[in-house]
Amino acid sequence: QMWEEAIALGKELAEQYENEMFDYEQLSELLRKQAQFYENIVKVIRPKPDYFAVGYYGQGFPTFIRNKVFIYRGKEYERREDFEARLLTQFPNAEKMKTTSPPGDDIKTSSGQYIQCFTVKPKLDLPSKFHRPVSEQIVSFYRVNEVQRFEYSRPVRKGEKNPDNEFANMWIERTIYVTAYKLPGILRWFEVKSVFMVEISPLENAIETMQLTNDKINNMVQQHLNDPNLPINPLSMLLNGIVDPAVMGGFANYEKAFFTEKYMHEHPEDHDKIEKLKDLIAWQIPFLAEGIRIHGEKVTEALRPFHERMEACFRQLKDKVEKQYGVRAILSGLEERRGSRPRSMVRSFTMPSSSRPLSVASVSSLSSDSTPSRPGSDGFVLEPLLPKKMHSRSQDKLDKDDLDKDKKEKKKEKRNSKHQEIFDKEFKSTDISLQQAEAVILSETISPLRPQRPKSQVLNVMSSERRFSVSPAPPSSQLSPPPITPRTKLAFSIQPNLELNGMSSSDIPDIPPPLPLKGSTADYGNLLESQDLMSPTTSPPAQQR
C-alpha cells in the first residue's frame, strides 16, 4: 500500500515508454495504474504501524547486535506485547529489562542476554513539495513512512512536588534516535547511528500539547467533512475530553501553573511563550465549535442528552476564553484549511429529478439510441434554462409539478394506446396481403466494372440513330438505297491543365475500359455488323438536325 513509491517508479517508466521506447500501449496501462494509485491515496484508509526501539545488551548476543540499539517497524495493528513475544522467541534465554533508561556497564559487560524494548514515535519529515496546507489523508503517509528520526519522551520531575498542579514542575526528557537509513527500507529494522537527548520545560510541554490537541481536532473535523459516513464515537470522546472539565481538567491546569504573577516574576524570559500559549487556547474555540456543529448534525436521538450537555459546557468555556484571550475568526483558520481540500473528495451530482431544468443537450444525452429524442415523446419537457432561484421552489410549486406530471403520463398512455391500435390494424392488413401474394424470388446479378446505361439514355441513343441514319435522299439517287451510317462515336478531349475526379490528364490511361455487352437492337456489336454489310464507297449524307 505504499502507492507514493509506486507513483515515483511509474513516472520513471512513463518517461521510458513515452520518449525512448514509444510504447504507447504500455504507457496507457501505466497511466491508468497511476490514476488508481492517486485515488487510493485520497480514499483508502491505511493502518499506521508502530515503531519499537530494541536494545541488545550483554556479551551473550552475537557481535553484530551486541550492545546496539535498533529501530523496528511493527506489523499492522501489532501491539508492543505481541512484538516482544515474537522477539523473545528468537532469544529464549534473554531477559527482558523493566526500565527504559540506558543500562549501565555492569549489564553491557555481563555474560547474559538482556533485551530492552519500548515504543518510539516517528518524527514527521514532510517533503519540500508540500509548501502549503494539504489534506491530512495525504500527509498521514509521511507520518509513519520515509522517517529517519524517532523520539521517546519520559516525564521527569524537578524541584518540589506541587500536589495542586502537577504540570508546574513536570519536565520532559526526550531522547531522539537517528537511524542509518529511512524506514521502511529494504529491511523492517535499521541500526541507530546517533542518539542525543533534550529537555523540555513545563511551559514548552504545555505549548506542544496544546498544538497537538488543536491539530487533532482539526484533522478529525476534516475527516468528517470529507467522509460523512465516518462513525461519530471518536469525535464524541475527543470533544468531551476537552470541553468537559470533569474529565481531564482541560487547560485550566496551565492557567494555574503559568498565568500567575509569581511565575511571571520568577521567569520573565518566558513572556513570549506565555503569549503563544494564550493564542493557542484562543484558537481552540473555533475548532471546537466546528466539531460540535458536525457532532450535532450526526448525533443520534439516544446521544442527544449527551450532546446537549456538551454544548452547555462549550458555551461556558467559549464565554470565558473569549473574554480573557480574545476572539479568533474561523474564516482565517478552519475555513482556509477546509478550502485546501482536494476537489477529488468533493462530489456533486445533478440528477434529472433535481429542481434545475435540463437543457436540450442534457436531455439528448440522457436518451439512448432506441429512445426518441423528440420533445414530448419520452416524457421530457424541454424548457429554457432558468435562473438559480428555481432551486428553492415552494411546496405549492412542487405539488403543481406533480399534477402536471400525472397529466403528462395519462396523455402519454392514451397516445401510446392509440398508436398501438393503428399499428395492429396496419399489421393485420399487411398480414392478409402477404398471404395472398405470390412468392418472391430474389436473384443476384454481378454487374461489370462499368455500369450499364439507364433505359432512358438507351432510348435517346436509338432515336438519335434513326434521326442520323434515316435521312431523305436527294432526287438524283432514288435508284440506290439510302445508306445507313453508324452512330457517331463520342470523343472526349481532356485539357492538359484540367483534372477529373482529382486525377490529372497524365494519370488517365490511353486505352479505355472494355464496353459492356448488350442484347438490345442498339448494341454496339450489331451496329458494327451492319457496318460491314454496307458499301464503304458510299459517303454519308450531311447530317441535318
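All residue numbers in this chain count up from 1 along the given sequence.
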_If we ignore hydrogens and angles and just use 3.5 Å, is the side chain of Q34 paired with the main-chain N or O of G10 as donor and acceptor?_
yes
_Side chains of D215 and Q211: any donor to acceptor distance under 3.5 Å?_
yes
*Answer yes when R174 and E208 have at least one side-chain N-carboxylate O distance shorter than 4.0 Å, and no when they do not.*
yes
*Between NZ of K320 and OH of Y325, what distance do you get to the nearest 0.5 Å?*
6.5 Å
*Go through the structure and list residues passing side chain to side chain donor-acceptor pair (under 3.5 Å) with K193, not counting sequence neighbours.*
none
*Side chains of Q36 and N40: do they bring a donor and an acceptor to under 3.5 Å?*
yes
*Give a yes or no on whether the backbone of W283 and the side-chain of N214 come within a donor-acceptor separation of less than 3.5 Å.*
no
*Partners of Y17 by ring-ring contact (aromatic ring centres under 6.0 Å, His included), sequence neighbours excluded?*
none
*Considering non-hydrogen atoms only, spot the tightest contact between F196 and V178 and give its length.*
CE2-CG2, 4.3 Å
*Any residue meeting side chain to side chain donor-acceptor pair (under 3.5 Å) with S28, in chain and number order, not counting sequence neighbours*: none
Side-chain atoms of residues 138-146: list all donor-acceptor pairs with protein atoms under 3.5 Å, sequence neighbours left out, distances to 0.1 Å.
{"unit_1": "S140", "atom_1": "OG", "unit_2": "E136", "atom_2": "O", "d": "3.3"}
{"unit_1": "S140", "atom_1": "OG", "unit_2": "Q137", "atom_2": "O", "d": "3.0"}
{"unit_1": "R143", "atom_1": "NE", "unit_2": "E136", "atom_2": "OE2", "d": "3.1"}
{"unit_1": "R143", "atom_1": "NH2", "unit_2": "E136", "atom_2": "OE1", "d": "3.3"}
{"unit_1": "N145", "atom_1": "OD1", "unit_2": "R73", "atom_2": "NH1", "d": "3.2"}
{"unit_1": "N145", "atom_1": "OD1", "unit_2": "R73", "atom_2": "NH2", "d": "3.3"}
{"unit_1": "N145", "atom_1": "ND2", "unit_2": "F141", "atom_2": "O", "d": "2.9"}

*With sequence neighbours left out, write down each residue that passes side chain to side chain donor-acceptor pair (under 3.5 Å) with K182, or none if nothing qualifies.*
none
Ignoring hydrogens and angles, write down the donor-acceptor pairs under 3.5 Å from the side chains of residues 264-273, residues two or more places apart or on other chains.
{"unit_1": "H267", "atom_1": "ND1", "unit_2": "Y263", "atom_2": "O", "d": "3.4"}
{"unit_1": "D270", "atom_1": "OD2", "unit_2": "Y263", "atom_2": "OH", "d": "3.0"}
{"unit_1": "K273", "atom_1": "NZ", "unit_2": "E204", "atom_2": "OE2", "d": "2.7"}

*Mind checking the OG1-CE spacing from T175 to M197? Nearest 0.5 Å is all I need.*
3.5 Å
*asked:* If you count every heavy atom of other residues, nucleotides or ligands that lies below 6.0 Å from E261 atom CD, does the total exceed 12?
replied: no
All N/O donor-acceptor pairs, side-chain side in residues 300-308, below 3.5 Å, sequence neighbours left out:
{"unit_1": "H307", "atom_1": "ND1", "unit_2": "H295", "atom_2": "ND1", "d": "2.9"}
{"unit_1": "H307", "atom_1": "NE2", "unit_2": "E311", "atom_2": "OE2", "d": "3.1"}

*Rounded to the nearest 0.5 Å, what separation is found between the CE atom of M97 and the CD atom of Q116?*
4.5 Å
*Identify which one of F70, W189, F83 satisfies the ring pair (Phe, Tyr, Trp, His ring centres under 6.0 Å) criterion when paired with F52.*
F83
*How many angstroms lie between atom CG of L13 and atom CD of Q26, to the nearest 0.5 angstrom?*
9.5 Å
*Write out all pairs satisfying side-chain hydrogen bond (donor to acceptor under 3.5 Å, both in side chains) with one or both partners inside residues 104-114, taking only residues at least two apart or from two chains.*
none
*What's the shortest heavy-atom distance between Y57 and N67, and which atoms?*
CA-OD1, 3.4 Å
*asked:* Can you tell whether the side chains of R46 and E4 come within less than 4.0 Å, N to carboxylate O?
replied: yes
*Check L235 against I294 and note the closest heavy-atom contact, atom names and distance.*
CD2-CG2, 4.3 Å
*Provide the full list of salt bridge (charged side-chain N to carboxylate O under 4.0 Å, His left out) pairs with a residue in residues 84-99, sequence neighbours left out, each pair given once.*
E78-R86, R80-E84, E84-K96
*asked:* Given 3.5 Å as the limit, does a donor-acceptor pair link the side chain of K68 with the main chain of E191, or not?
replied: no
*asked:* Measuring from atom CZ of F37 to atom CG of L31, what distance do you get when rounded to the nearest 0.5 angstrom?
replied: 11.5 Å
*For atom NZ of K318, decide whether the heavy atoms of other residues, nucleotides or ligands shown that lie under 6.0 angstrom number more than 12.*
no
_Pair T100-Y152, side-chain donor/acceptor within less than 3.5 Å_ = yes
_Strictly distance-based, threshold 3.5 Å: is any side-chain N or O of R66 a donor or acceptor partner for the main-chain N or O of F61?_
yes
_Give me the atom names and distance for the closest heavy-atom approach of I172 to S153._
CG2-CB, 3.7 Å
*Kindly give the heavy-atom pair with the smallest separation between T213 and Q284, and that separation in Å.*
CG2-NE2, 3.6 Å
_I'd like to check the ring-ring contact (aromatic ring centres under 6.0 Å, His included) partners of Y38; sequence neighbours left out, ordered by chain and number._
none
*Looking only at non-hydrogen atoms, find the nearest pair between T209 and N205 and report the distance.*
OG1-O, 2.7 Å
*D279 bridged to K276 by N-O distance under 4.0 Å*: no
*Is any side-chain heavy atom of P155 less than 4.5 Å from a side-chain heavy atom of M170?*
yes
*Name of the residue among Y72, F118, F150 meeting ring pair (Phe, Tyr, Trp, His ring centres under 6.0 Å) with Y51*: F150
*Does NZ in K75 sit with more than 12 non-hydrogen atoms of other residues, nucleotides or ligands closer than 6.0 Å?*
no
*Straight-line distance of I242 CD1 to M310 CE, nearest 0.5 Å*: 10.5 Å
*Go through the structure and list residues passing salt bridge (charged side-chain N to carboxylate O under 4.0 Å, His left out) with E18, not counting sequence neighbours.*
none
*Under the salt bridge (charged side-chain N to carboxylate O under 4.0 Å, His left out) criterion, do R32 and E29 qualify, and how do the steps go?*
CA-CA 5 Å; R32 280 193 292 268; E29 183 180 356; 5.6 Å; no
*For Y177, all residues meeting side chain to side chain donor-acceptor pair (under 3.5 Å), sequence neighbours excluded*: none
